[in-house]
Enquirer: 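Before anything else, here's the structure in question.
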Amino acid sequence: MRRYEIRGGRALSGGVVLQGAKNSALPLMAASALCTEGKVCFENCPVLEDTSLTERILVSLGCGVTRKGGLMTVDPSGICRCSVCREYCAGMRSSILFLGPLLARFGRAEMFLPGGCLLGARPVDIHIKGLEKMGADVRVEGDRITAACPRGLRGAAIELPFPSVGATENMMTAASLAEGKTVIENAAAEPEIGDLADLINRMGGHVRADGGRITVFGVKRLHGCRKRIIPDRIAAFTFFAAALATNGNIMVRGADPAHLRAAMRALEKTGAAFEISEDGIGVRRALDRILPTEIVTAPYPGFPTDDMALAMALLTVADGVSSLRETVFSDRFALTDELLKMGADMTVRRNVALVTGVHRLRGAAVRATDLRAGAALIVAGLAAEGETLIEDDGHIARGYENIVGTLSALGADITEREN
Ligand code: EPZ
């Protein structure tokens, strides 16, 4: 159990160098298993619990992996297994992203239903149905998944019932070595999808991602390459929220405004002022207070569900009533009870939260229920009066690289220790 201790009330200032995107690094690392020759060198790969676990999965399959800071080199030529153990699958939702690459390369794959953040039901039916359309036989018995396509995958026309990010990523990797053409309609369009398409093309594949439609022409084999991972737009939003909640003024170096349009628009409605330069994005309050607002989450390019917990934390100290509607995950508001312990004033009915801003939150002992809820409690603790203690069984470190060091460098009074 990890405990974060925060003494709030200090305005953040200075600059942070934004980490590489967790939600790009994980699918890209899994996709490296597609290559039969050469090595895949990733630049700007964040050092996180989740990337470390993905590294262990690659090694368990027979890959060679070396890591030097943000540079990770994967040698997938020696893969000799196509099964991922239950313990690894239980540790992370994105373990499911090995299904497409292993099935495409070896014609079979064995793994277990994935664990990960408890945000509500997180089935994998869309992944399975899409792979079946490409000729795979996929069975789920208990929590075990076995997939086979002895005659190889073949291209198909696939329409996703929901633009699932993970399912889109599994379709792309599976289709990259399938026989013929695959068209994925109603696909996810997050920047991480474009990053995966870029990796597969660098490996010798043929993927075209334009908005919600992805076209893939299968090839016989894929080879190693070099790839820089895009910056983490959710971590960027996290630092924006922390700066605004503490009435600070920071520069987030490496943030890409093209990935943050809906997110920045929402914060501008709360009175945020942004300064965009080639260095990154500067943020501060334009007014002496946070304005209330309305936010509805939606698949990209809508307001990201992962930013909702951070927005909620910020709006607990807005000057008025905000309305937050979550449309992607049923349990995104799990952090509500924890924020109420800090003196927030809000009511949640089904997927709508009404947040009445208070003048100041007060420090309290709270618990991180998932990754972004944990980050949101840090934001709340930074803004609160007094000391906040956050009990966390590993969520925060899964998605944020050195969050204590980064926030301390901005002037926050935050420490962490293992209990
Ligand atoms: C990815 O999860 C991200 N994780 C999540 O970020 C993010 O919240 C989510 O996309 C939505 O943007 C990674 O990229 C590693 P989905 P994923 O499949 O792929 C339902 C974080 O904090 N669904 O787009 O699991 C599902 O239940 C994490 O960094 C099915 O019904 O999300 C959910 O309601 C949290 N059947 C919705 O679709 C399926 O087969 C969106 O899920 C798959 C999904």
Side-chain angles (χ1 to χ4, degrees), residues 19-31 46 48-51 53-54 57 89 91-100 113-133 138 140 145 158-173 184 186-196 212 229-230 232-238 259 262-263 297-311 326-335 351 368-376 394-401:
Q19 68 185 51
K22 166 181 86 79
N23 291 349
S24 184
L26 301 179
L28 269 60
M29 288 171 70
L48 306 167
E49 294 295 326
D50 274 7
T51 49
L53 176 50
T54 306
I57 293 176
C89 294
M92 184 175 60
R93 168 78 182 178
S94 56
S95 55
I96 194 71
L97 299 179
F98 279 90
L99 190 53
L113 290 175
C117 284
L118 298 174
L119 294 167
R122 297 182 80 180
V124 291
D125 54 321
I126 302 175
H127 297 246
I128 291 172
K129 288 197 183 72
L131 293 170
E132 287 173 338
K133 292 263 328 233
V138 186
V140 181
I145 304 171
I158 300 168
E159 171 139 15
L160 301 185
F162 180 88
S164 155
V165 172
T168 301
E169 290 161 345
N170 257 333
M171 296 309 106
M172 290 166 70
T173 52
I184 311 164
N186 196 31
E190 275 70 358
E192 293 77 27
I193 298 296
D195 220 27
L196 177 58
I229 290 168
I230 57 172
D232 193 316
R233 59 195 171 94
I234 312 298
F237 188 91
T238 304
H259 299 163
T297 58
Y300 197 89
F303 185 90
T305 175
D306 292 342
D307 290 346
M308 180 56 105
L310 290 313
E326 167 63 31
T327 65
V328 178
F329 289 115
S330 58
D331 291 354
R332 176 59 74 187
F333 291 139
L335 73 161
N351 65 333
T369 49
D370 61 69
L371 163 58
R372 305 302 174 186
H395 295 294
I396 296 168
R398 291 184 47 203
Y400 292 92
E401 193 175 67

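For ligands, and for the atoms within them, numbers begin at 1 and follow the listed sequence. Sequence positions, counted from 1, serve as the residue numbers for this chain. Excluded from the calculations below are hydrogen atoms, water molecules and symmetry mates; all remaining heavy atoms, backbone and side chain alike, are included.
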Enquirer: Check this for me - ligand 1, D306, N or O atoms closer than 3.5 angstrom, yes or no?
Expert: yes

Enquirer: Counting each atom of ligand 1 from 1 as listed, which ones have a heavy atom of G166 under 4.0 Å away?
Expert: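 With G166 as reference, the close atoms of ligand 1 come out as 18 (O), 19 (O).
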
Enquirer: Please state which protein non-hydrogen atom is closest to atom 37 (C) of ligand 1 and give its distance, to 0.1 Å?
Expert: F162 CE2, 3.7 Å

Enquirer: Of all the heavy atoms in I234, does at least one lie under 4.0 Å from an atom in ligand 1?
Expert: no

Enquirer: Without swapping roles, check the side chain of T54 against the backbone of L26 for a donor-acceptor pair under 3.5 Å.
Expert: no

Enquirer: Determine whether M92 and R398 satisfy the following criterion, side chain to side chain contact (heavy atoms under 4.5 Å, CB included), listing intermediate values before the conclusion.
Expert: CA-CA 9 Å; M92 184 175 60; R398 291 184 47 203; 4.1 Å; yes

Enquirer: Of the backbone atoms (N, CA, C, O) and the side-chain heavy atoms from C-beta on, which set of E192 has a member under 4.0 Å from an atom of ligand 1: side chain, backbone, both, or neither?
Expert: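 No part of E192 comes within reach of ligand 1.
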
Enquirer: Any protein heavy atom lying closer than 4.0 Å to atom 20 (C) of ligand 1?
Expert: no

Enquirer: So which bit of Y300 gets within less than 4.0 Å of ligand 1, heavy atoms only: side chain, backbone, both or neither?
Expert: neither

Enquirer: Would the distance check show the side chain of N170 and the main-chain N or O of G100 forming a donor-acceptor pair, the cut-off being under 3.5 Å?
Expert: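 The answer is yes, because a donor-acceptor pair under 3.5 Å joins these two groups.
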
Enquirer: For atom 18 (O) of ligand 1, which protein heavy atom lies nearest, and how many Å away is it?
Expert: S164 OG, 2.7 Å

Enquirer: Looking only at protein heavy atoms, which one is nearest to atom 1 (C) of ligand 1, and how far off is it?
Expert: V165 CB, 4.0 Å

Enquirer: Taking 4.0 angstrom as the limit and counting only heavy atoms of L119, give me the atoms of ligand 1 inside it, by number and element.
Expert: 35 (C)

Enquirer: What distance do M171 atom CE and I126 atom CD1 have between them, rounded to the nearest 0.5 Å?
Expert: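 Rounded to the nearest 0.5 Å, the CE-CD1 separation comes out at 9.5 Å.
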
Enquirer: Check whether any heavy atom of R332 sits under 4.0 Å from an atom of ligand 1.
Expert: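 True for this residue.
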
Enquirer: To the nearest 0.5 Å, tell me how far I193 CD1 sits from N23 CG.
Expert: 10.0 Å

Enquirer: What protein heavy atom sits nearest atom 17 (P) of ligand 1, and how far away is it?
Expert: R122 NH2, 3.9 Å

Enquirer: Looking only at heavy atoms, is any part of R372 under 4.0 Å from ligand 1, and if so is it the side chain, the backbone, or both, or is it neither?
Expert: side chain

Enquirer: Using the side-chain contact (heavy atoms from CB on, under 4.5 Å) criterion, which residues pair with A187? Sequence neighbours excluded.
Expert: T168, I184, I214

Enquirer: What's the shortest distance from atom 3 (C) of ligand 1 to any protein heavy atom, and which residue and atom give it?
Expert: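 For this ligand atom, the closest protein heavy atom is N23 ND2, 3.7 Å.
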
Enquirer: Under 3.5 Å between any N/O of A167 and any N/O of ligand 1: does that happen in this structure?
Expert: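 No: no nitrogen or oxygen of A167 is under 3.5 Å from one in ligand 1.
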
Enquirer: So which of R372, K22, H395 actually passes side-chain hydrogen bond (donor to acceptor under 3.5 Å, both in side chains) with Y400?
Expert: R372

Enquirer: Which protein non-hydrogen atom lies closest to atom 34 (O) of ligand 1, naming both residue and atom, and how far is it?
Expert: V328 O, 2.8 Å

Enquirer: So is I96 close enough to ligand 1, meaning a heavy atom under 4.0 angstrom away?
Expert: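 No; I96 lies far enough from ligand 1 that no heavy-atom distance drops under 4.0 Å.
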
Enquirer: Please determine if T305 has a nitrogen or oxygen closer than 3.5 Å to a nitrogen or oxygen of ligand 1.
Expert: no

Enquirer: Just by distance, do the side chain of D370 and the backbone of L118 share a donor-acceptor pair under 3.5 Å?
Expert: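 No, the answer is negative, given that no donor and acceptor are paired below the 3.5 Å cut-off.
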
Enquirer: What protein heavy atom sits nearest atom 40 (O) of ligand 1, and how far off is it?
Expert: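 Residue, atom and distance for the closest contact: I126 N, 2.8 Å.
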
Enquirer: Looking at Q19 and E401, would you say the former's side chain and the latter's main chain have a donor-acceptor pair under 3.5 Å?
Expert: yes

Enquirer: Which residue owns the protein heavy atom closest to atom 33 (C) of ligand 1, what's the atom, and how far is it?
Expert: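 In this structure, atom 33 (C) of ligand 1 has F329 CE2, 3.5 Å as its nearest protein heavy atom.
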
Enquirer: Between R93 (side chain only) and R122 (backbone N and O only), is there a donor and an acceptor less than 3.5 Å apart?
Expert: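 Looks like yes, one N/O pair under 3.5 Å.
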
Enquirer: Only heavy atoms of V124, strictly under 4.0 Å: list the atoms of ligand 1 that pass.
Expert: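 In order of numbering, the contacting atoms are 39 (C), 40 (O).
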
Enquirer: With R233 as reference, evaluate H259, E190, E192 under the side-chain hydrogen bond (donor to acceptor under 3.5 Å, both in side chains) test and give the passing residue.
Expert: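 The residue from H259, E190, E192 that satisfies side-chain hydrogen bond (donor to acceptor under 3.5 Å, both in side chains) with R233 turns out to be E192.
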
Enquirer: Nearest 0.5 angstrom please: I145 CD1 to S95 OG, how far?
Expert: 8.0 Å

Enquirer: I need the contact type for D125 against ligand 1. Using non-hydrogen atoms and a strict under-4.0 Å cut-off, is it side chain, backbone, both or neither?
Expert: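 Both backbone and side chain.
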
Enquirer: Pull out every atom of ligand 1 sitting under 4.0 Å from any heavy atom of K22, numbered as shown with elements.
Expert: 21 (C), 29 (O)

Enquirer: Looking at D306 and R332, is there a salt bridge between them, counting it only when a charged N and a carboxylate O are closer than 4.0 Å?
Expert: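 Looking at R332 and D306, the cut-off is met.
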
Enquirer: Please verify whether a non-hydrogen atom of P123 lies at under 4.0 Å from ligand 1.
Expert: yes

Enquirer: What's the spacing between E132 CD and D125 CG if we round to 0.5 Å?
Expert: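 So the gap between those two atoms works out to 10.5 Å.
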
Enquirer: What pairs with S24 under side-chain hydrogen bond (donor to acceptor under 3.5 Å, both in side chains), at least two apart in sequence or on another chain?
Expert: D195

Enquirer: Quick one: does ligand 1 sit under 4.0 Å from the side chain of R93, the backbone, both or neither, non-hydrogen atoms only?
Expert: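 Side chain only; the backbone of R93 stays clear of ligand 1.
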
